[in-house]
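Written out below as structure tokens is the structure these notes cover.
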Amino acid sequence: MNLPSPAPAWLYLASQSPRRRQLLDQLGVAHRLLLPDAHEDAEGLEAERAGESPDDYVCRVTLAKYEAAHARLLGRQAHEGWVLAPVLCADTTVALGQEILGKPRDADDAARILGLLSGRTHRVLTAVVVDGALKVSVSEVSWREVDADEMARYVDSGEPMGKAGAYAIQSHAAAWIREIRGSYSGIMGLPLYETAELLKPRGWRF
């Protein structure tokens, strides 16, 4: 009789996002961080290319992050004795039409991005890769009109910085959302359905 193979004890998460750690905890998936070395240009992997669609962008960036993380792991295995284990990477982007709304450069840029989202519907695309296999979650988020004072307070809080689209759905900005069509966890940064589907063939059970 063929018995199912046991699930791996843990995986490497190649992300600094505390939200992704929280979501993996929610699935019951133990993980260890696999963060870039000081010499790596992690931000450079997120640079946009002229004419690139948001869908192509999020897939390319996530695969590039995975390739960098996998190479990092092999290097650390060879030189520091790190154990090999599955590697998970993810990336989230916000798109208004074909315009990619990335992480704001500064407070003024954050206010500009929030102004574009006010009263409109945008897409949130999150790609997740496990050992080279990729899945993408696409959600639509509709905002009410947000006045200038509300935006200014949100920008002053510092919350927009480091966030694609200049907001986090689990923050105060949730009060501006009229409707979501798609994956709440995907909007947070790690779509749990797609993640589970990638992990099941590798022995995890949900």
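A quick note: this is a predicted structure, and the numbers were derived from the prediction, not measured.
- Contact record, Trp143 with Leu114: CH2-CD2, 3.7 Å, taken as the closest heavy-atom pair.
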Residues 47-55, side-chain donor-acceptor partners within the protein, below 3.5 Å, at least two apart:
{"unit_1": "Glu52", "atom_1": "OE1", "unit_2": "Arg49", "atom_2": "N", "d": "3.4"}
{"unit_1": "Glu52", "atom_1": "OE1", "unit_2": "Arg60", "atom_2": "NE", "d": "3.4"}
{"unit_1": "Glu52", "atom_1": "OE1", "unit_2": "Arg60", "atom_2": "NH2", "d": "2.9"}
{"unit_1": "Glu52", "atom_1": "OE2", "unit_2": "Arg60", "atom_2": "NE", "d": "2.6"}
{"unit_1": "Ser53", "atom_1": "OG", "unit_2": "Asp56", "atom_2": "N", "d": "3.1"}
{"unit_1": "Ser53", "atom_1": "OG", "unit_2": "Asp56", "atom_2": "OD2", "d": "3.3"}
{"unit_1": "Asp55", "atom_1": "OD1", "unit_2": "Arg123", "atom_2": "NH2", "d": "3.0"}
{"unit_1": "Asp55", "atom_1": "OD2", "unit_2": "Arg123", "atom_2": "NH1", "d": "3.3"}

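- Applying the side chain to side chain donor-acceptor pair (under 3.5 Å) criterion to Tyr57, with sequence neighbours excluded, gives no partner residue.
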Quick one: side chains of residues 83-101, donor-acceptor pairs under 3.5 Å with protein atoms, not counting sequence neighbours, listed by atom name and distance.
{"unit_1": "Asp91", "atom_1": "OD1", "unit_2": "Lys65", "atom_2": "NZ", "d": "2.6"}
{"unit_1": "Thr92", "atom_1": "OG1", "unit_2": "Arg20", "atom_2": "NH2", "d": "3.3"}
{"unit_1": "Thr92", "atom_1": "OG1", "unit_2": "Thr126", "atom_2": "OG1", "d": "2.8"}

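- Side chains of Ile169 and Ile180 form a contact here, defined as non-hydrogen atoms less than 4.5 Å apart.
- Counting only heavy atoms from C-beta outward, the side chains of His122 and Leu116 never approach each other to under 4.5 Å.
- In this structure, the separation between OH on Tyr66 and CG on Leu45 is 14.5 Å, given to the nearest 0.5 Å.
- Between the side chain of Ser157 and the main chain of Tyr154, a donor-acceptor pair closer than 3.5 Å is present.
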Residue pair Phe206, Leu192: steps toward the side-chain contact (heavy atoms from CB on, under 4.5 Å) verdict: CA-CA 11 Å; Phe206 302 102; Leu192 294 186; over 6 Å; no

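- For Asp106, the side chain to side chain donor-acceptor pair (under 3.5 Å) criterion is met by no residue, not counting sequence neighbours.
- Using a 4.0 Å cut-off between a side-chain N of Lys or Arg and a carboxylate O of Asp or Glu, Lys200 and Glu197 qualify as a salt bridge.
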Stepwise side-chain contact (heavy atoms from CB on, under 4.5 Å) test for Trp204 and Thr195: CA-CA 11 Å; Trp204 272 274; Thr195 299; over 6 Å; no

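- Tyr193 and Val136 fall into different hydrophobic clusters, where Ile, Leu, Val, Met, Phe, Trp and Tyr residues are linked whenever their side-chain heavy atoms come under 4.5 Å apart, directly or through other members.
- For Glu67, there are no side chain to side chain donor-acceptor pair (under 3.5 Å) partners two or more places apart in sequence or in a different chain.
- Formation of a donor-acceptor pair under 3.5 Å by the His31 side chain with backbone atoms of Val29 is found in this model.
- In this structure, CZ on Arg72 lies 5.0 Å from CG on Leu34, to the nearest 0.5 angstrom.
- With rounding to the nearest 0.5 Å, the separation of CZ in Arg153 from CG in Asp156 is 9.5 Å.
- Contact between Pro191 and Ser185 at its shortest, heavy atoms only, is CA-OG, 3.5 Å.
- Note on Leu73: it clusters hydrophobically with Trp10, by side-chain heavy-atom contacts below 4.5 Å among ILVMFWY residues.
- A 6.0 Å sphere centred on OH of Tyr184 holds more than 12 heavy atoms belonging to other residues, nucleotides or ligands.
- Aromatic rings of Trp176 and Tyr167 (six-membered ring for Trp) have centroids beyond the 6.0 Å cut-off, not under it.
- Counting only residues at least two apart or in different chains, salt bridge (Lys or Arg N to Asp or Glu O under 4.0 Å) contacts with residues 176-196 comprise Glu140-Arg181, Glu179-Arg181.
- When every heavy atom of Met188 is checked against every heavy atom of Leu23, the shortest pair comes out as CB-CD1, 3.9 Å.
- Taking the side chain as every heavy atom from C-beta outward, Val141 and Ile187 approach each other to under 4.5 Å.
- Here the shortest heavy-atom pairing between Met161 and Ala110 reads SD-CB, 4.5 Å.
- Under the 30°/60° scheme for interplanar angles, the aromatic rings of Trp82 and Tyr12 are found to lie parallel.
- One finds a salt bridge joining Arg112 and Asp109 here, because a Lys/Arg side-chain nitrogen approaches an Asp/Glu carboxylate oxygen to under 4.0 Å.
- Annotation for Leu198 and Leu134: closest pair CD2-N, 4.3 Å, computed over non-hydrogen atoms.
- Atom CZ of residue Arg21 and atom CD of residue Gln26 lie 15.0 Å apart, to the nearest 0.5 angstrom.
- Residue Glu40 places its CD atom among more than 12 non-hydrogen atoms of other residues, nucleotides or ligands, all under 6.0 Å distant.
- The line from CG of Asp37 to CG of Asp41 is 13.0 Å long, rounded to the nearest 0.5 Å.
- In this structure, Arg144 CZ and Glu150 CD are separated by 4.0 Å, a value rounded to the nearest 0.5 Å.
- Scanning both residues, Ala168 and Lys163, for their nearest heavy atoms gives CB-CE, 3.9 Å.
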